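Working notes for the structure below.
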Amino acid sequence: MIFRKLRFAAAAAVGLLAVAAPADSQTVSPSALTYADLADLGISAPIAAHVRVTGATALKPASVPDVRPGLARLLVQAQVVSLIRAPEGLASRISYVVDLPRDAKGKAPKLKKGTELLLLAAPVTGRSGEVRLTAPDAQIAYSAERAEVLRKIIRDSISREAPPRISGIGRAFHVPGAIPGESE
């Protein structure tokens with residue numbers, strides 16, 4: 001009986017470790033990324049690009065004190081494969097920083113050379129060839145389908161037939177109703 005309880009507890013602990021282990025990169029799995037996520041990131045970003053990583057270096061924690069616990073900051077160099085949107089153009093080689101989750105041992109993750117990504121970023125003022133991600137999850141694993149969806153979202157958002165952007169609530173009203181739950 002005790003052996004069975006210990007075996008169950010061990011299996012449960014292994015299962016929790018598998019669920020709690022951080023991902024190897026910040027990129028979202030294809031099944032977790034929705035059209036709304038891409039639209040939210042893509043419409044607000046002035047730069048959208050398909051890039052290939054040429055190098056990544058983990059920065060020392062002492063030099064970047066504002067990194068949240070459990071994350072490591074990497075300086076990434078990348079070659080621009082194709083531009084989806086960049087109003088003023090973009091250098092063929094860019095660099096940016098990204099915060100990625102540390103592995104189970106607390107080590108900084110590795111971005112392999114040749115990894116292809118979609119970046120949603122903004123230019124860094126006064127520094128050509130450097131960009132700043134527009135959101136913590138603005139580095140997305142590349143796939144041709146995802147890139148095409150992002151192109152379509154951006155193309156549709158700037159077309160003449162695009163509906164106006166909702167920038168806030170202009171007016172609202174509330175009617176209490178006669179019985180609980182009937183309010184509008």
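FYI, side chains are in, hydrogens and waters are out, and symmetry mates aren't considered; it's all heavy atoms of this structure. It should be emphasised that the depicted structure is a prediction, and the values quoted were computed from it without experimental measurement.
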Min side-chain heavy-atom separation [X]-[Y] under 4.5 Å:
X	Y	result
Glu88	Ser128	no
Val51	Val76	no
Leu119	Gln139	yes
Gln79	Ser92	yes
Leu133	Leu120	no
Pro109	Asp103	no
Glu148	Ile84	no

Practice prompt. Mind running side chain to side chain contact (heavy atoms under 4.5 Å, CB included) on Ile140 and Leu41 for me, showing each step along the way?
Written response: CA-CA 10 Å; Ile140 303 167; Leu41 290 168; 4.0 Å; yes
Worksheet item: Do you know which two heavy atoms are closest between Leu150 and Ala48, and how far apart they sit?
Response: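 Where Leu150 meets Ala48 most closely, the heavy atoms are CD2-CB, 4.3 Å.
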Item to complete: Can you see which heavy atom on Ile43 is nearest to which on Ser157, and at what distance?
Response: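 Closest heavy-atom pair between Ile43 and Ser157: CG1-CB, 4.0 Å.
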Fill in: CD/Glu182: more than 12 non-hydrogen atoms of other groups inside 6.0 Å
yes
Check whether any side-chain N or O of [X] sits under 3.5 Å from a backbone N or O of [Y] as a donor-acceptor pair, and report yes or no.
X	Y	answer
Ser63	Leu59	no
Thr54	Gln77	yes
Arg52	Ala78	no
Arg85	Gly42	yes
Arg73	Asp99	no

Item to complete: Go through Arg93 and Glu130 one step at a time and tell me if the salt bridge (charged side-chain N to carboxylate O under 4.0 Å, His left out) criterion holds.
Response: CA-CA 9 Å; Arg93 292 190 179 272; Glu130 291 185 22; over 6 Å; no
Worksheet entry | Path from Tyr35 to Tyr142 over hydrophobic side-chain contacts below 4.5 Å | yes
